[in-house]
Chemist: 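There's a structure below that I have some questions on.
Worth saying up front: this structure is predicted, and the values here are computed from it rather than measured.
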Amino acid sequence: MAAVKETIDQVKEIDVDQYKYGFETKIESVKAPKGLDESTVRYISAQKNEPQWMLDWRLDAFQRWKAMTEPTWAKVHYPKIDFQDQYYYSAPKSTTGPKSLDDVDPQLLETYKKLGIPLREQEMLAGVQSSRVAVDAVFDSVSVVTTFKDELKKAGVIFCSFSEAVREHPELVKKYLGSVVPQSDNYYAALNAAVFSDGSFVYIPEGVRCPMELSTYFRINEKNTGQFERTLIIADRGAYVSYLEGCTAPMRDEHQLHAAVVELVALDDAEIKYSTVQNWYPGDKNGKGGIYNFVTKRGDCRGHHSKISWTQVETGSAITWKYPSCILRGDYSRGEFYSIAVSNGYQQVDSGTKMIHLGKNSSSRIISKGIAAGHSQNTYRGLVSAHRKATGVRNFTNCDSLLIGDKCGAHTVPYIEAKNSSAHFEHEATTSKISDDTLFYCRQRGLTSEEAVALVVNGFVRDVLQQLPMEFMAETQKLIGISLEGSVG
Amino acid sequence: MLEIKNLHVKLEDEDKVILKGLSLTVPKGEVHAIMGPNGSGKSTLAYVLAGRDGYEVTDGDILWNGESILDMEPDERAAKGVFLAFQYPMEIPGVAGLTFLRTATNALRKKRGQDELTTPAFLKLVKEKGAELNIDIEMLKRPVNVGFSGGEKKRSEILQMALLEPTLCVLDETDSGLDIDALRVVSDGVNALRNKDRAMLVITHYQRLLNHIVPDKVHVLADGKIQKTGGKELALELEKSGYADYTGKAA
């Protein structure tokens, strides 16, 4: 088939130089010595002036990590990572922690501006957007600034860098840190617990509806540096928050490691909506470079009638290993997972979710859309389970895969475990290919091949797109288009 | 004017020759019918006109308004006014008919050097065309062709044809799978779109469509060539005698 042949040729030509966030910021940094041992952990903790309890927690995690082995069950292949050949801490020299915007290095502000994230509040207010978004900007290992803090404070919302939370709100951090993802949860989570550098902390007090969208923007800049951020979000009784995370990195030939942990806690009647637009550097056309993304994200619907909703758009990273999950502990709690995972070039994605039903009458919904192009491999891996005592639980799962070209792969690995007979689980899955006939049909009506693919793919992911905050819908549609550029002839 | 000159076409992946020196001229303002038995190359002709992959033109040429279109991409041909009403229109899940048509209309307008239509202007146009053709536009709110009945699919093709304002319309077995009522709606639609600037090529198996869409000329396609050309009465003749005279065997 001519189209398929052309597809292959085109895929060969894909230059991921289309990655428009690949620039590097030249800025002086303070780094921990290369490699990882107990002194690295102590160094990081000391850099952040952490209290003893935090250091002890890290050291405990480090001991556990040393005893663990890297998991190999995911359908991803990569050369063994040398954990001693990495820097575990890097901070721009001029910033020691978040302070007022006037103190932030103008070069950093410029970097975020280039990324399309204005950090000056007046700039945001001047924008056309009617709704505002508070941003925590994390550059390599530290948070450089958090916006709209005062206004949030009036509402009683705490939104700050993790380091600041450790200093200012130790009681909250102690109470919730590791309560959803324990130190020894898995290999990468343990590594993160030992060396995590910064991240965001959010606390929404009882009955408060957070007055604006919160967002954290992660940027890896430094070479050979891993980013290990940790995010903790707590919605107290009846609270509501919507949170968005974005990520980019410069283009580099070496692989870079990103191992984050996100913990969400929703108490009675609380709701957390967590959206991610992940656009780490995916590597070049030959699969050289790119981010290794090993992330543990989990939400705990601890209270009755609580709700946690994950929405993710994954277009970047050379390797993605990520399963945002919900523990549905509370009765009548609800978990949702909406995912769009686009892979092209030599990207490998192994992603999905876990819905662990422990509470009675808890319910969950999974909508996953995987799109594979080029030579990429795209796997959905999911678990839905009902505890023996969790009666009346329901799940609906829909996993659809779309293939573009004939050198890529889509895989679906669902696990379903119902330990009581009242569970009601539904699973639907489809795999389809954008056929040459469909493309021809669109092209006969006047669309170029790229317009045709973008149209078909956007139709394919429509159910999930609708879950994204309005501000990010259009951007995401564009991002999907860019990620698939050159995927057809 | 459409001029097909000595067209030779084979399948790209196989040594199978399908069109063996087909020549045909359709002046603007005329409707020509192509009739022929199964496997005579009717659909191939439609696809080659529209520029589908998988066919190799080994000899001959296709000129539209004096310009060869053989090297043009399908979307470039569409911009030049070529429209193919598909025998089996494709489904596009998740894409509403209106979105699809607006995207296509504006893509074509851009290529033709016209301003893109705003959404309200586009909706107004759709309503007008729907009313003119007596086609309910409600179906455009659903994903393109998904779950459409045979009749709906064909009506949707005709509505698209009206909106995209082509000058060369190729209808590939538009009558297949239609009951009498649907056939009438579709034929009325096609007749409404006949005008002096438009050339139409109607490909069909059966004479009954030509009772509704009365052609200026009828061509008999068999064994990759036009075997005979005549007026509308040729269709009636074929209905009686079949294609045996042209294929050397009973069709």
Chemist: Could you tell me which portion of B:P166 (side chain, backbone, both or neither) has an atom closer than 4.5 angstrom to a non-hydrogen atom of chain A?
Modeler: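 No part of it gets close to chain A.
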Chemist: Do any side-chain atoms of residues 461-468 of chain A form donor-acceptor pairs under 3.5 angstrom with protein atoms, and if so which ones, sequence neighbours left out?
Modeler:
from   : atom 1 : to    : atom 2 : distance (Å)
A:R462 : NE     : B:G94 : O      : 3.3

Chemist: After noting the C-alpha distance and the side-chain angles of B:K111 and A:T448, does the key distance pass the side chain to side chain contact (heavy atoms under 4.5 Å, CB included) rule?
Modeler: CA-CA 11 Å; B:K111 288 194 178 92; A:T448 63; 4.0 Å; yes
Chemist: With a 4.5 angstrom heavy-atom cut-off, which part of B:A79 approaches chain A: side chain, backbone, both or neither?
Modeler: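 Neither the backbone nor the side chain of B:A79 comes within 4.5 Å of chain A.
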Chemist: Please determine whether the number of non-hydrogen atoms from other residues, nucleotides or ligands lying under 6.0 Å from atom CZ of B:F122 exceeds 12.
Modeler: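 More than 12 within 6.0 Å, yes.
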Chemist: How close do A:G446 and B:A107 get, heavy atom to heavy atom, and via which atoms?
Modeler: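 So the minimum-distance heavy-atom pair works out to O-CB, 3.5 Å.
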Chemist: Chain A heavy atoms under 4.5 Å from B:V144: which part of the residue, side chain, backbone, both or neither?
Modeler: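 The side chain, not the backbone.
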Chemist: Should we count CG of B:D115 as having more than 12 external heavy atoms under 6.0 Å?
Modeler: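 No, the 6.0 Å shell around CG holds no more than 12 heavy atoms from other groups.
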Chemist: For B:D71, does the CG atom sit with more than 12 other heavy atoms under 6.0 Å from it, leaving out its own atoms?
Modeler: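 Check fails, neighbour count at 12 or below.
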Chemist: Could you check whether any side-chain heavy atom of A:R445 comes within less than 4.5 Å of a side-chain heavy atom of B:L101, counting everything from C-beta outward?
Modeler: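 Answer no - side chains too far apart.
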Chemist: With the side chain counted from C-beta on, respond yes when B:D75 and A:L447 share a heavy-atom pair under 4.5 Å apart, and no when they do not.
Modeler: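 Not in contact.
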Chemist: Are A:R443 and B:E76 close enough for a salt bridge, meaning some N to O gap below 4.0 Å?
Modeler: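 No, A:R443 and B:E76 are not salt-bridged.
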Chemist: Counting heavy atoms not belonging to B:N134, are there more than 12 under 6.0 Å from its CG?
Modeler: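 For B:N134, atom CG is not crowded (no more than 12 foreign heavy atoms under 6.0 Å).
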Chemist: Below 4.5 Å, heavy atoms only, C-beta onward: do B:E73 and A:S449 meet side chain to side chain?
Modeler: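 B:E73 vs A:S449: side chains apart.
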Chemist: Sort B:L84 into side chain, backbone, both or neither according to what part of it lies under 4.5 angstrom from a heavy atom of chain A.
Modeler: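 Both parts, backbone and side chain.
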Chemist: Under a 4.5 Å cutoff for heavy-atom pairs, which residue among A:I434, A:L455, A:V456 has the most contacts with chain B?
Modeler: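 If we count pairs closer than 4.5 Å to chain B, A:L455 comes out on top.
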Chemist: If you define the side chain from C-beta out and look only at heavy atoms, does anything of A:D436 sit under 4.5 Å from B:D53?
Modeler: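 Side chain of A:D436 against side chain of B:D53, heavy atoms only: no contact under 4.5 Å found.
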Chemist: Under a 3.5 Å distance rule, please check whether A:Q444 uses its side chain to pair with a backbone N or O of B:V82 as donor and acceptor.
Modeler: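 Answer holds: yes.
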Chemist: Tell me, for A:S432 versus chain B, whether the close heavy atoms (under 4.5 Å) come from the side chain, the backbone, both or neither.
Modeler: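 Neither; nothing under 4.5 Å.
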Chemist: With the side chain counted from C-beta on, respond yes when A:C442 and B:I92 share a heavy-atom pair under 4.5 Å apart, and no when they do not.
Modeler: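 Yes; the side chains approach each other to less than 4.5 Å.
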Chemist: Is the shortest side-chain N to carboxylate O distance from A:D437 to B:R52 below 4.0 Å?
Modeler: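 Looking at A:D437 and B:R52, the cut-off is met.
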Chemist: Tell me, which pairs form a ring-ring contact (aromatic ring centres under 6.0 Å, His included) where one or both residues lie in residues 93-112 of chain B, sequence neighbours left out?
Modeler: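 The answer is A:Y441-B:F100.
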